[in-house]
Amino acid sequence: MKLTVFGATGGTGRQVVAQAVAAGHDVTVVARDPARVPAADRARVIGGDVLTPGPWQAALAGQDAVLSCLGSTDRGNPTTVYSDGTAAIVAAMREGGVRRLLCLSSAGLEIPPGTPLGRRLVTRFVIQRLYRHGYADMERMERALADVRDIDWTVVRPPMLTDGPLTGVYRTAVNANLAKAGTISRADLAHYLIAQVADDRTRHAVVEISGGS
């Protein structure tokens, strides 16, 4: 399949590219700094910023799916990379006739019922405050996608990410909160994203994911 990956220089994005190439997919990477994309990934690399119009938009034509691993490392300031970035990707997909989109959000947006009090307090008063700008933008992204019907989108909400190995073992909940979510390796998250490209069951859905059996 022909896949385009955004956010490919981040931890999860690098895993997505490496695994997709290893699986025999034709991978295109859109990166602000092409030099940060490892040559060993054997992917086509296009320089560009998702928040700025450029050649990357036309490059989406003919692709089978887009995988967005966009993120922001600036915790202190508001961001629009999730909402505006995804909106720009969706617009380019429409122009290029591409329908399948998978993008990342965060399980931290919600506190599932039954969460132990200690974890609930940490999430509410530490994690959600620390990442408030990113979470606010993820919420804007999710609200905007909820109204999109001509693109087959899937939003994936992982919990805390680790650099652990690929196991292929994880738990998911579609349009529901996942009980006792812990952590998941970036390798397993990437594995799931690639697997969902051809899965109709998660289209127009928000999926929570966690490692473990």
Side-chain angles (χ1 to χ4, degrees), residues 1-8 10-30 41 43 50 60 62-71 82 85-87 89-90 92-94 96-110 112 138 141-162 164-179 181-213:
M1 299 186 76
K2 295 181 178 179
L3 309 178
T4 294
V5 181
F6 290 83
T12 301
R14 288 195 299 270
Q15 285 286 339
V16 168
V17 173
Q19 290 185 35
V21 169
H25 297 295
D26 182 350
V27 180
T28 298
V29 168
V30 178
D41 284 342
V50 71
L60 294 190
Q63 297 294 290
D64 294 304
V66 174
L67 294 89
S68 174
C69 301
L70 293 173
Y82 299 99
T86 302
I89 290 172
V90 167
M93 290 175 65
R94 286 173 173 145
V98 186
R99 290 189 59 91
R100 189 70 174 115
L101 170 66
L102 293 107
C103 55
L104 294 180
S105 183
S106 174
L109 292 182
E110 294 186 38
M138 290 177 194
M141 175 191 73
E142 290 193 13
R143 286 198 302 268
L145 282 176
D147 293 328
V148 174
R149 309 312 296 174
D150 60 328
I151 298 294
D152 294 328
W153 53 266
T154 301
V155 172
V156 180
R157 291 179 171 183
M160 182 180 295
L161 300 175
T162 75
L166 172 62
T167 68
V169 179
Y170 32 74
R171 298 179 297 118
T172 60
V174 180
N175 291 328
N177 293 125
L178 185 63
T183 64
I184 189 170
S185 71
R186 292 176 175 86
D188 277 338
L189 177 57
H191 184 269
Y192 179 78
L193 289 169
I194 295 168
Q196 293 311 296
V197 168
D199 194 333
D200 291 336
R201 294 171 296 178
T202 60
R203 301 189 181 212
H204 299 144
V206 176
V207 181
E208 293 199 358
I209 187 170
S210 179
S213 56

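Interatomic distance, Asp188 CG to Leu161 CG, rounded to the nearest 0.5 Å: 11.0 Å. Distance check: Thr12 OG1 to Arg186 CZ gives 5.5 Å after rounding to the nearest 0.5 Å. How far OG1 of Thr154 is from CG of Leu104: 11.5 Å, rounded to the nearest 0.5 Å. Distance check, rounded to the nearest 0.5 Å: NE2 of His191 to OH of Tyr170 gives 4.5 Å. We find the CG-CD1 distance between Leu178 and Ile209 to be 8.5 Å, quoted to the nearest 0.5 Å. Rounded to the nearest 0.5 Å, atoms CG (Asp152) and CG (Leu101) are 9.5 Å apart.
No donor-acceptor distance shorter than 3.5 angstrom exists from the side chain of Asp64 to the backbone of Leu3, with no hydrogens or angles considered. Side-chain atoms of His204 do not come within 3.5 Å of backbone N or O of Leu145 as any donor-acceptor pair. When atom types are taken as modelled, the side chain of Asn175 and the backbone of Val206 share a donor-acceptor pair closer than 3.5 angstrom. Gln19 places a side-chain N or O within donor-acceptor distance of the main-chain N or O of Ala187, the cut-off being under 3.5 Å. The closest donor-acceptor contact from the side chain of Glu208 to the backbone of Arg157 lies at 3.5 Å or more, if one exists at all. In this structure a side-chain-to-backbone donor-acceptor pair under 3.5 Å is missing from His25 to Ala20. A donor-acceptor pair under 3.5 Å links the side-chain atoms of Arg171 to the main chain of Ala179, judged by distance alone. In this structure a side-chain-to-backbone donor-acceptor pair under 3.5 Å is present from Ser185 to Pro165.
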Can you check side chain to side chain contact (heavy atoms under 4.5 Å, CB included) on Leu193 and Cys69, steps first, answer last? CA-CA 10 Å; Leu193 289 169; Cys69 301; 4.3 Å; yes
Determine, step by step, whether Val29 and Val17 satisfy the side chain to side chain contact (heavy atoms under 4.5 Å, CB included) criterion, reporting the C-alpha distance in whole Å, the side-chain angles of both residues, the deciding distance to 0.1 Å, and the verdict. CA-CA 8 Å; Val29 168; Val17 173; 3.7 Å; yes
Side chain to side chain contact (heavy atoms under 4.5 Å, CB included) assessment of Trp153 paired with Val148: CA-CA 8 Å; Trp153 53 266; Val148 174; 4.1 Å; yes
Test side chain to side chain contact (heavy atoms under 4.5 Å, CB included) on Ile151 and Arg94; report intermediate values, then the result. CA-CA 8 Å; Ile151 298 294; Arg94 286 173 173 145; 4.2 Å; yes
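Side-chain contact between Gln196 and Arg100: present, with at least one pair of heavy atoms (C-beta onward) separated by less than 4.5 Å.
Between Asp150 and Arg99, no side-chain nitrogen of the basic residue sits less than 4.0 Å from a carboxylate oxygen of the acidic one, so the salt-bridge criterion is not met.
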